[in-house]
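See below for the structure under consideration.
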Amino acid sequence: MKHYYLSVLLFFSSITAELCSQNEALSSTDAYNQYKAISDSMAISFPEDDIKTFRRTSFNETQLQNYLSMHFKRMDLLSQIKGHHVFILNSYLHSGNWFKEIGFPKESIKSYKNFFRYYKRYEQELSQADQKGFNVMRFFAHGILAENYANLGMLDSAIEQHHMNMAFTKNLDNIYYPSALNNYGLLLYWHKKELDSALLYFKKAYQLTQSKFPTHTLIGSIRDNIADIYVEYGSYEEARPLYDLNFEFYKEAINERTLQKDIPRLVSAGSQLVTSNVYLNKLVEAQQAFEALETIVTSQENLNLINSESRMEYLLAKECLLKKQNNLDAAYAIAKHINQYADSMHKVAAITDKRWQEEFNDVTIDRIALNFKIDQLEKENKIKSQRGKLRFVGLVSSVFILLLLILFLSRHHHLVNAKNKQLLAEQKLENAALKVKQLHSEIKSKERDLSDFAINLTQNQGWTKHLADQLEAIKLARPEDREGLLESLDQDISNKVSFDSDTQEFFERLDKLSDAFYSKLTTSYPNLSKNEIRLCSLIRLKIESRSIATLQNITMASLNTSRYRLRKKLDLSENVNLDTFIQNL
């Protein structure tokens with residue numbers, strides 16, 4: 001009954017809370033429309049499909065604050081949108097990718113984890129086509145999650161994501177399984193420095209890609225990774241042909257995502273080929289490779305398509321070749337140029353990192369202040385719009401709770417009285433049961449005493465018969481023999497009187513000395529008779545069987561019978577010695 005009242009109270013409280021929150025909760029349609037409106041406002045300066053939106057340097061401090069504030073606000077609306085599963089999943093993916101690209105790995109992790117939670121919950125409501133389409137996105141999400149974890153030093157979580165990705169893509173007949181193997185190899189190579197294990201995964205990915213997707217640009221990436229491992233081991237002879245293959249491959253290969261040639265990888269492959277030939281003292285091949293590379297770099301520089309990293313690789317390869325050719329003046333000039341170029345890159349990176357760190361701190365503070373302001377405004381609006389309703393609901397709630405309290409106290413008083421009556425009845429039953437138990441115990445004790453009395457009576461009857469037989473023998477004896485028989489009878493009677501007196505005294509002392517043993521024995525085996533308890537005590541004292549028979553005034557056959565019955569009552573198996581068992585009690 002108590003639980004019933006509490007359930008009613010909780011139900012009423014939930015209804016009250018729902019009434020109070022009706023005006024502040026948005027409908028799914030309203031939330032969806034607000035999300036779209038915020039996105040349209042954000043897209044005026046930073047369209048979601050524009051590459052600049054995914055670059056840190058595209059934002060100044062004010063732009064970043066505004067963009068983040070609107071982004072967080074629209075992401076909060078996703079929990080109130082119902083039914084638009086594909087839209088919501090894509091929103092989480094976009095958020096995770098954007099945060100990753102601009103350098104906020106923790107926020108990226110949150111978005112991707114929300115994506116996986118939502119997908120797991122609503123997967124069955126997606127069409128087959130949508131599920132198939134999200135297979136690619138799930139692959140990328142696992143990979144980016146692993147990369148974020150690795151960048152934060154959370155290698156166990158990164159490894160877990162890679163294993164999940166390999167298990168997920170293994171049964172998909174596409175490029176993503178070898179790509180997942182390659183990505184896990186990169187984690188082992190870059191972060192854990194486990195070169196043998198990394199090489200094992202790279203080779204497995206290479207075999208799969210070579211057999212099923214030989215023209216995909218992934219094969220070039222895997223070749224490059226394998227060659228880099230060989231360079232780590234100092235095996236330039238094994239690395240050089242792989243760089244050579246890549247240099248020729250990237251001259252023609254078109255990247256599947258950008259649909260353009262991958263110039264950074266082409267320059268990197270050429271630079272590595274030049275360097276490998278130099279280390280192997282193949283200067284002719286190194287010069288030929290460098291001339292081809294120089295032509296590519298010059299043409300791309302004219303188009304302004306060479307990034308700083310590619311240019312640095314090219315310059316390092318040129319310096320290495322010039323040193324090996326003993327062209328020290330030219331090598332020194334290139335080295336000087338490299339140092340100046342590197343210093344310039346470091347300064348730009350340092351300035352950018354400092355500016356972004358300051359902006360990130362400002363954004364964090366502004367977000368907290370903005371959220372606080374929003375909460376404050378919402379609370380004020382809620383108070384204004386709900387004040388009258390809350391007063392009414394509070395009054396009704398107070399009356400209802402008061403009624404429930406009165407009913408509960410009345411019911412509680414009734415239950416207490418009923419419980420006391422029940423306890424009293426149970427106490428009486430326990431007393432009656434205790435008395436019955438005591439009566440049973442007394443009956444058992446009387447039964448044992450009666451049994452002992454019957455045994456003594458039987459023994460006395462036997463001795464009386466023996467006495468009668470002696471008297472009959474005296475009557476029938478010759479006069480000259482009667483004197484001897486009478487003396488024998490007199491001696492037997494004296495012995496009997498003396499034996500009974502001594503035996504009685506012995507057993508009285510035995511009972512006193514064995515009081516604790518008797519108590520333990522009767523507790524464990526309450527069905528033993530008095531004579532059987534005394535027999536146990538005599539055995540415990542290690543008295544011989546013949547002496548025990550004499551003390552109990554019985555024959556050896558009767559003693560053996562008593563021992564057999566005692567074993568049965570003690571529930572001893574045949575392989576247990578009676579004397580040893582009793583002496584160990």
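Quick note: residue numbers are just sequence positions, from 1.
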| What is the minimum heavy-atom distance between P264 and S310, and which atoms define it? | CA-OG, 3.4 Å
| message | I'd like to know if the side chain of E125 and the backbone of Y122 have a donor-acceptor N/O pair within less than 3.5 Å. | response | no
| Spacing of S268 atom OG and L273 atom CG [to the nearest 0.5 Å] | 11.0 Å
| task | Could you check if a side-chain atom of N225 sits within less than 4.5 angstrom of a side-chain atom of Y206, using non-hydrogen atoms only? | result | no
| said: Checking Q80 against S28: is there a side-chain donor and acceptor pair closer than 3.5 Å? | reply: no
| task | Flag the pair L315 / E319 as yes when at least one side-chain heavy-atom distance between them is below 4.5 Å, and no otherwise. | result | no
| query | Is it true that Y177 and F139 have ring centroids separated by less than 6.0 Å? | reply | no
| message | Using 0.5 Å steps for rounding, measure from the CG atom of L188 to the CD1 atom of I159. | response | 7.0 Å
| field | Atom pair CG/CG of L322 and D329 - distance to nearest 0.5 Å | value | 10.5 Å
| field | Working for side-chain hydrogen bond (donor to acceptor under 3.5 Å, both in side chains), residues N281 and K324 | value | CA-CA 8 Å; N281 287 317; K324 197 66 176 179; 2.9 Å; yes
| task | Report yes if some heavy atom in the side chain of Y201 is under 4.5 Å from a heavy atom in the side chain of M166; otherwise report no. | result | yes
| said: Quick one about E232 and Y189 (side-chain donor to acceptor, distance below 3.5 Å, no hydrogens or angles considered), yes or no? | reply: yes
| To the nearest 0.5 Å, how far apart are CZ in R138 and CG in L89? | 10.0 Å
| Does any N or O in the side chain of D244 come within less than 3.5 Å of the main-chain N or O of R240, such that one atom is a donor and the other an acceptor? | no
| field | Pair F46-D50, side-chain contact (heavy atoms from CB on, under 4.5 Å): steps then yes or no | value | CA-CA 7 Å; F46 295 97; D50 193 336; over 6 Å; no
| said: For V274 versus A317, what's the shortest heavy-atom pair and its separation? | reply: CG1-O, 4.0 Å
| said: When you compare the side chain of E294 with that of K318, does any pair of heavy atoms fall below 4.5 Å? | reply: yes
| said: Looking only at the aromatic ring of each residue, does the gap between the centers of H94 and F99 stay below 6.0 angstrom? | reply: no
| task | Would you sort out whether L218 and N182 count as a side-chain contact (heavy atoms from CB on, under 4.5 Å), showing the intermediate values? | result | CA-CA 9 Å; L218 175 66; N182 180 61; 4.2 Å; yes
| message | For Y119 together with H85, are the ring centres under 6.0 Å from each other? | response | no
| message | Looking at Y233, I want to see if its OH is surrounded by more than 12 non-hydrogen atoms of other residues, nucleotides or ligands under 6.0 Å. | response | yes
| Does the cation-pi check pass for K261 over Y250, that is, NZ or CZ under 6.0 Å from the six-membered ring centre and within 45° of its axis? | no
| query | Quick check: does any side chain N or O of N114 sit under 3.5 Å from a backbone N or O of K110, one acting as donor and the other as acceptor? | reply | yes
| Y112-F116 aromatic ring centre distance below 6.0 Å | no
| Do D30 and S27 touch side chain to side chain, with heavy atoms closer than 4.5 Å? | yes
| request: Kindly indicate whether the side chain of N148, heavy atoms from C-beta on, has any atom under 4.5 Å from the side chain of F104. | output: no
| request: Consider only side-chain N and O atoms of S95 and H71, and report whether a donor and an acceptor are under 3.5 Å apart. | output: yes
| Step by step, would you call D228 with Y243 a side-chain contact (heavy atoms from CB on, under 4.5 Å)? | CA-CA 9 Å; D228 287 347; Y243 291 137; 2.6 Å; yes
| field | Check: T209 and P214 side chains under 4.5 Å, non-hydrogen atoms | value | no
| task | Run the ring-centre check on Y67 versus W98 and record whether the distance is less than 6.0 Å. | result | yes
| Which value, rounded to the nearest 0.5 Å, describes the distance between S179 atom OG and N183 atom CG? | 4.5 Å
| field | Smallest separation among heavy atoms of A205 and P178, with atom names | value | CB-O, 3.3 Å
| query | With no hydrogens and no angle check, do the side chains of D76 and Y35 hold a donor and an acceptor under 3.5 Å apart? | reply | no
| task | Go through E48 and R74 one step at a time and tell me if the salt bridge (Lys or Arg N to Asp or Glu O under 4.0 Å) criterion holds. | result | CA-CA 14 Å; E48 289 190 356; R74 69 174 180 173; 2.8 Å; yes
| said: Are Q161 and N165 packed together at the side-chain level, in the sense that at least one heavy-atom pair is separated by less than 4.5 angstrom? | reply: no
| task | Please name the pair of heavy atoms, one in L77 and one in Q34, separated by the smallest distance, quoted to 0.1 Å. | result | CD1-CB, 3.7 Å
| query | Are more than 12 heavy atoms from other residues, nucleotides or ligands located less than 6.0 Å from atom CG of D173? | reply | no
| query | Any idea which heavy atoms bring N246 and G220 closest together, and the distance? | reply | ND2-O, 2.8 Å
| Between N66 and S69: side-chain donor-acceptor atoms closer than 3.5 Å | no
| request: Would you indicate whether F168, at its atom CZ, is surrounded by more than 12 heavy atoms from other residues, nucleotides or ligands within a distance under 6.0 Å? | output: yes
| said: As a quick check of understanding, evaluate salt bridge (Lys or Arg N to Asp or Glu O under 4.0 Å) for R55 and E101, giving each step before the final call. | reply: CA-CA 7 Å; R55 291 177 178 169; E101 291 299 325; over 6 Å; no
| Quick one: is the NZ or CZ of R223 closer than 6.0 Å to the six-membered ring centre of F247, and within 45° of its axis? | no
| Any donor-acceptor pair under 3.5 Å linking the side chain of T298 with the backbone of T295? | no
| task | Look at the side chain of D130 and the backbone N and O of L126, then say whether any donor-acceptor pair between them is shorter than 3.5 Å. | result | no
| field | T217 side chain to R265 side chain, donor-acceptor N/O pair below 3.5 angstrom | value | no
| query | Stepwise, does the side-chain contact (heavy atoms from CB on, under 4.5 Å) test hold for L242 with D224? | reply | CA-CA 7 Å; L242 296 175; D224 187 50; over 6 Å; no
| Cation-pi geometry met for K204 and F202 (6.0 Å, 45°) | no
| Aromatic ring proximity F290/Y314, centre distance under 6.0 Å | yes
| Ring centres under 6.0 angstrom apart (F115, Y92) | no
| Looking only at heavy atoms, what is the nearest atom pair of T53 and I102, with distance? | O-CG2, 4.2 Å
| Euclidean distance, H191 NE2 relative to M154 CE, rounded to 0.5 Å | 13.5 Å
| query | Quick check: are there more than 12 heavy atoms from other residues, nucleotides or ligands sitting under 6.0 Å from NZ of K113? | reply | no
